[in-house]
Number of protein chains: 4
Amino acid sequence: MGAVKTRRMPRAVREQQMLDAAVRIFGQRGYTAASMDDIAELAGVSKPLVYLYLNSKEDLFLAVIRREAAALTEAVRAGVRPDQPADRRLWHGLLAFFEHTARHPDAWSVLHLQARTHGEPFAGEAAAMRAAIVTFVTQLIAVAARDAHRDPDLPDHEVAGLAEALVGAAESLAAWANTADGIGARQAAGTLMNFAWAGLGSLMAGRRWSPPGE
Amino acid sequence: MGAVKTRRMPRAVREQQMLDAAVRIFGQRGYTAASMDDIAELAGVSKPLVYLYLNSKEDLFLAVIRREAAALTEAVRAGVRPDQPADRRLWHGLLAFFEHTARHPDAWSVLHLQARTHGEPFAGEAAAMRAAIVTFVTQLIAVAARDAHRDPDLPDHEVAGLAEALVGAAESLAAWANTADGIGARQAAGTLMNFAWAGLGSLMAGRRWSPPGE
Amino acid sequence: MGAVKTRRMPRAVREQQMLDAAVRIFGQRGYTAASMDDIAELAGVSKPLVYLYLNSKEDLFLAVIRREAAALTEAVRAGVRPDQPADRRLWHGLLAFFEHTARHPDAWSVLHLQARTHGEPFAGEAAAMRAAIVTFVTQLIAVAARDAHRDPDLPDHEVAGLAEALVGAAESLAAWANTADGIGARQAAGTLMNFAWAGLGSLMAGRRWSPPGE
Amino acid sequence: MGAVKTRRMPRAVREQQMLDAAVRIFGQRGYTAASMDDIAELAGVSKPLVYLYLNSKEDLFLAVIRREAAALTEAVRAGVRPDQPADRRLWHGLLAFFEHTARHPDAWSVLHLQARTHGEPFAGEAAAMRAAIVTFVTQLIAVAARDAHRDPDLPDHEVAGLAEALVGAAESLAAWANTADGIGARQAAGTLMNFAWAGLGSLMAGRRWSPPGE
DNA sequence: TATGAATGAGCGTTCATTCAT
DNA sequence: TATGAATGAACGCTCATTCAT
């Protein structure tokens, strides 16, 4: 499983190899359980070289988070056609999200679990990525509401809550789709679209659920 | 902050004190960063006593997870009146969930973050609790579908996906409600109910979103 | 050479054993070349116990410096009879100094070489001890000058320089007496007394050496 | 501060640049805290080149000690006019010594502190330089004693002790003069001359201090 | 002459865990 | 029931040193 031991590589290449190894080890073992020895061995280099290039375990973890966060947001962005209507954009975004997380489960573990569980500055970096996605979804919802001529009925904090809920649902379904056999990215995206778009439509049509008086 | 030093307590009491301390330390510092010294000190006992009662750090963490998982599921169950219609039951369940997580943030951190991030057997225990909640929600959706005479249109795996999505949305909103100031449990539950119930209703009315043909 | 392995000692005793070992290792190998493993082994305990009691290598070194500085100044102070004339007091002080450094060469190496060579806070601690000795000598010189009714002729900074010179000479002779065989503390003290007391006497009698005009 | 990066210099020049850098780093950081990286960087060359020219850290340190020891003894020797009487020669020697140490504090730190604190072969090299100076002073004292027709009264080992004391006093005053503001080389030399020459004169005149009978 | 790439070996420190009482 | 004394094992990190070009 370890990389083939090839010597004397240019620095940039070696660095990517180290990050590749780090994603796998961090994603599978967790930040604290991962040892620099393990990562160096999987990368096919000695420990001092990892330190020479990445400085410290913290810096290495941060570099991993940043690289994978950029990769995920880029994948979503690349999947979305900006000239399409809001529902199509949401659909393609979800599809890209589920496909990327399914293809890179270790990276998703790092971003969704490890980074958020081990304090600053990691949690902040993961939160920043998540915030970008939430903002993206928030804008889609706002556009959809405008198209339905309904925005006066949806206050800002409600839109924010909806976006949070939608992103949380997507995160949950990502794990579900990766676990339950036979459920692919398309199906997960379909389920969520059905649920979400109908819910949004109803909301915008003014149909709201009222809590009991108690 | 540590418990007042009272000697010679009955075992059951001492054990609860240790678990109380462990929840706080694990929840705030994380599993690996928490040290047995910290926990023993906060519990007001010596380290060997912790080992005498709880055996090991793993066992202690497991005991914490089990106690808090039971407390959370019990809180949800206690909030739901079985003789009510499905929407009311979902509403009260969500309300109880948001209230409990807001009142016990360390416990929620243990269940939602720490337990899932540090491998087996912890992740399994947390997954079991989550599965129980998902099952509960699944049943509610099934009942609602039956009430709407629509179950033939909602295949099982779709219902499972919806439940997963709903639970994920709730988890996401729990963090959001605890962070953003001024958002309480009622508001989070209201936002989610509006979103979810309308979405479910639309689905059951046969309004579905279809992916593009591409 | 290592201490006999006796288990379960009270903390205070173990701490002294550790300091004893540390003096030898630090004195013979130097601060940086000394390893905590070496010290723990010579003390007959495991490394974690050293850390439990002394916290860190820095703290251990500081504790050694403080203990040995106190022992040396105490030895000098104990050798001096305060009711005697200044020359006798200087003599007994020098004698005690040479005897102590001869009997504890590792401690002297720590105080005179290691502590001064490895930056703060060690150098400061050693400097404080030395300053106390210089002050002691300065006072002796001042008393002697007063007895000779000559103090107006000896400006303060000149007295300070003389004290510095005298202490430096003593430090140098300590090494010399410990190295050259057959030279004991008495002889070293005698040589220095002859040199110093005569020099001081001449100075106080107003005989001064003038640099050439160039 | 690092040397301007000029390539392809003749070996002799490069070597001196490396030694210059090494003196500064060793003098300021100490032997063990100094890293070959630091030295290479300050010298403006790559690390392998340092090894190519100087072989190892030990050899580099030895080369530094030898160069600076030679420079210091040469400075003292150059300051002394051999055709002058003993007191003038001592005066000029001290003056040259204080001036050189004040002008080259890093070199003095290496010779006086670092070399003596880090075992063989460094301590031996520093001791050899010191022995040369002690011998030089011993001869001056012997000449002065002969001039005073007093040598039968001053046994050899006493002369040796006096020389040791004088050199120690000078070393002590060098640090003192470099620290205390406003004290220059001339003043330090003056203080020491006053002290030493008067002491020596008294000794040679047969005035000796006798220890108490006890 | 000169260097970018790479490592073996070791050190300070921490922590879960146990022994003896 | 309760604890002061003690440790095995591992981890993050650094450094002098060398290889291949």
Q: How many Å lie between CZ on A:R29 and P on F:dG12, as a whole number?
A: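 Atom-to-atom, A:R29 to F:dG12, this comes out as 11 Å.
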Q: side-chain contact (heavy atoms from CB on, under 4.5 Å) with B:L19: which residues, sequence neighbours excluded?
A: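 Here the qualifying residues are B:Q16, B:L60, B:A63, B:V64, B:R67.
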Q: Could you pull out all residues at least two apart from D:N55 that satisfy side-chain contact (heavy atoms from CB on, under 4.5 Å)?
A: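 Expected list: D:D59.
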Q: How does DNA chain F read in dot-bracket, base by base from 5' to 3', with Watson-Crick or G-U pairs under 3.5 Å and | used when the partner is on another strand?
A: .||||||||||||||||||||
Q: Could you name each residue pair satisfying ring-ring contact (aromatic ring centres under 6.0 Å, His included) that touches residues 32-58 of chain A, not counting sequence neighbours?
A: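 Found none.
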Q: For C:K57, which residues count as a side-chain hydrogen bond (donor to acceptor under 3.5 Å, both in side chains) partner, sequence neighbours excluded?
A: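 Here no residue qualifies.
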Q: Any base atoms under 4.0 Å from B:R11, or only sugar-phosphate, or nothing? Heavy atoms, all strands.
A: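 Nothing, no heavy atom under 4.0 Å.
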Q: For B:Q17 and F:dT1, what is the distance between atoms CD and P respectively, to the nearest whole Å?
A: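 Spelled out: CD on B:Q17 to P on F:dT1 is 14 Å.
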Q: Kindly say whether the aromatic ring centers of B:H112 and B:H104 come within a distance under 6.0 Å.
A: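 Aromatic pair excluded; centres sit 6.0 Å or further apart.
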Q: With A:R29, which residues qualify under side-chain hydrogen bond (donor to acceptor under 3.5 Å, both in side chains), at least two apart?
A: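 side-chain hydrogen bond (donor to acceptor under 3.5 Å, both in side chains) check on A:R29 returns A:D38.
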Q: Going by side-chain contact (heavy atoms from CB on, under 4.5 Å), name the residues that satisfy it together with B:P121, two or more places apart in sequence or in a different chain.
A: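 Expected list: B:E58, B:L62.
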Q: Start at the 5' end of DNA chain E and walk down; is the nucleotide closest to A:A12 or to C:D38 reached first?
A: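 Of the two residues, A:A12 wins.
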Q: Quick check for you: among F:dA6, E:dA6, E:dA2, whose closest atom lies nearest to any side-chain atom of C:L49?
A: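 My answer, after comparing the listed nucleotides, is F:dA6.
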Q: Classify every nucleotide of nucleotides 14-21 of chain E by which part a protein heavy atom approaches to under 4.0 Å, writing B for the base, S for the sugar-phosphate alone and - for neither, in 5'-to-3' order.
A: BBSBBBS-
Q: With sequence neighbours left out, what residues match B:A71 under side-chain contact (heavy atoms from CB on, under 4.5 Å)?
A: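 Counting only residues at least two positions away or on another chain, B:A71 forms a side-chain contact (heavy atoms from CB on, under 4.5 Å) with B:E68, B:H100.
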Q: Nearest whole Å is fine: how far is E:dG12 P from C:I25 CD1?
A: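 Those two atoms, CD1 and P, are 12 Å apart.
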Q: For E:dA2 and D:R14 - does any side-chain N or O of the residue sit under 4.0 Å from the phosphate oxygens OP1/OP2?
A: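 For D:R14, the contact criterion (side-chain N or O under 4.0 Å from OP1 or OP2 of E:dA2) is met.
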